[in-house]
Amino acid sequence: MQIETLIKDCEKELSAQFAAREEIAYKNQVKVMEAFRKNKIALRHFVGTSGYGYGDEGRDTLNALFADIFGAEAALVSPNIVSGTHALTIALFGLLQSGDTLFSVSGDPYDTLREVISGKGIGSLADYGIAFKKCDLKGGKFDFEAIRQGLKDPTVKVVFIQRSRGYEWRDALSQKQIREACEFVRSCGFQGCIFTDNCYGEFVEDTEPTENGVDVAVGSLIKNAGGGIAPTGGYVVGKKEYIDRIAGRLTAPSIGAEVGSYAYGYQYFYEGVFMAPHVVCQALKGGLLIGACLEKLGFETSPSVTAMPCDITRAIRFNSAKELIGFIQAVQEASPVDSFVTLEPWDMPGYREQVIMAAGTFVQGASIELSADAPIKEPYIAYFQGGLTYEHCKYALTRILRKLCG
Ligand SMILES: *Cc1c(COP(=O)(O)O)cnc(C)c1O
């Protein structure tokens, strides 16, 4: 079949899915706009500051804006948070003390948190006497009986939920599932903090975890919430008492969120979150189109293109290392930055198998931009996400199809 025909057919079949994505984007844009109006965002909020940053109105107002967007009491949004892992780390260290237990109810947390939680002799939570335990999802759903058992332990102070699928062959958790889990956890008498790793999930549905019973949610600005425009940064949103404690970890317990300056100014953070609902919608539609075309060619994708996506990541199972590598190379060749680079698998530190990664992005490593990666092992699964514009995803798809069919 002609590549153009295949793409056109898939676009037609996806029209209801696309309309649903656009409706959610509109609801989120309304939410973001109401927060901009309420906080009376003005040009003066964008100016750079220096030194301690006492009375930095751009910073304080950005915090208030994020709190409103996420339906939370308070927020910490900062270029001084260097990544999602850093945001998650300061949040967990702010919430937990020696003798406490962190209880994950969605299985293993994301790879980069493993050492943060249980590393030896590197200042991990374990090194500070904070225990970790988990219960796995059962067929992609919360295992309520295991959660009930786990909560009998009075040292559990933080219940941890990862919204995104991360890099696993399972669906992300929906807001409905998260709301039910929060209600269940409370019905067990839990009085501590319900915590969500919100990475890859922001603006995918029309509510956020903090509107569904979660006390603290954490994410990166080089993913969804930065809208492809924020140059760096992370955020933590939630109950004020928790955010105050976490602010004491970001800076120091005596100064919290009262200090912190940014000489370049805050325009890109405001503009990024303003763009985010639309950009996330573009990435989701692009991911659906790529998924649908590859399903038509006989490849298995996760989530299936008929399911409602609950995060921006998508996985595709290929038949051979050659196909897998071809896919990742095509994504790189279709990137606006470093399109001329021919990718090869390499021995990346921390991985057992060779890894290949496409990230021809404006903001280094930004995974709200079209990006893909895969370990070279069976089953041959590529994970991809992002795309700032639907048209870019479609362009990349033409190159992917040429590589796979040619
Ligand atoms: C990306 C991601 C992280 C880590 O964020 P970095 O910005 O890469 O440090 C944590 N959890 C999930 C689910 C993620 O997708």
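Remember, it's 1-based here, ligands and their atoms both numbered in the order they're listed.
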- Taking only heavy atoms of L88, which atoms of ligand 1 are found under 4.0 Å from at least one of them?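 Per the distance check, 10 (C).
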- Determine whether the side chain, the backbone, both or neither of T85 has a heavy atom under 4.0 Å from any heavy atom of ligand 1.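 Near ligand 1, T85 shows its backbone as well as its side chain.
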- Query: For ligand 1, does T313 get within less than 4.0 Å through its side chain, its backbone, both, or neither, judged by non-hydrogen atoms?
  - Reply: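 Contact part for T313 vs ligand 1: neither.
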Can you pull out the closest protein heavy atom to [atom]? Residue, atom name and distance to 0.1 Å, please.
{"atom": "atom 10 (C) of ligand 1", "value": "Y110 CD2, 3.2 Å"}
{"atom": "atom 7 (O) of ligand 1", "value": "G84 N, 2.7 Å"}
{"atom": "atom 2 (C) of ligand 1", "value": "K223 NZ, 2.3 Å"}

Distance-only N or O hit between ligand 1 and [X], under 3.5 Å:
{"X": "D197", "answer": "yes"}
{"X": "C199", "answer": "no"}
{"X": "T112", "answer": "no"}
{"X": "S83", "answer": "yes"}

- Aromatic rings F36 and F274: how do their planes relate, parallel, tilted or perpendicular, breaks at 30° and 60°?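 Rings of F36 and F274: perpendicular, as their planes differ by over 60°.
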Determine, for [X] against [Y], whether the closest basic-nitrogen to carboxylate-oxygen distance falls under 4.0 angstrom.
{"X": "E183", "Y": "R179", "result": "no"}
{"X": "E11", "Y": "K394", "result": "yes"}
{"X": "E57", "Y": "R44", "result": "yes"}

- Of all residues at least two apart in sequence or in a different chain, which pass the ring-ring contact (aromatic ring centres under 6.0 Å, His included) check with Y235?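 With sequence neighbours excluded, Y235 shows a ring-ring contact (aromatic ring centres under 6.0 Å, His included) to F66, F70, given in chain and number order.
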- By side chain to side chain contact (heavy atoms under 4.5 Å, CB included), which residues pair with K31, not counting sequence neighbours?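 Side chain to side chain contact (heavy atoms under 4.5 Å, CB included) check on K31 returns N28, E208, E211.
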- Item | Between E333 and Q329: side-chain donor-acceptor atoms closer than 3.5 Å |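 No, no side-chain donor-acceptor contact under 3.5 Å.
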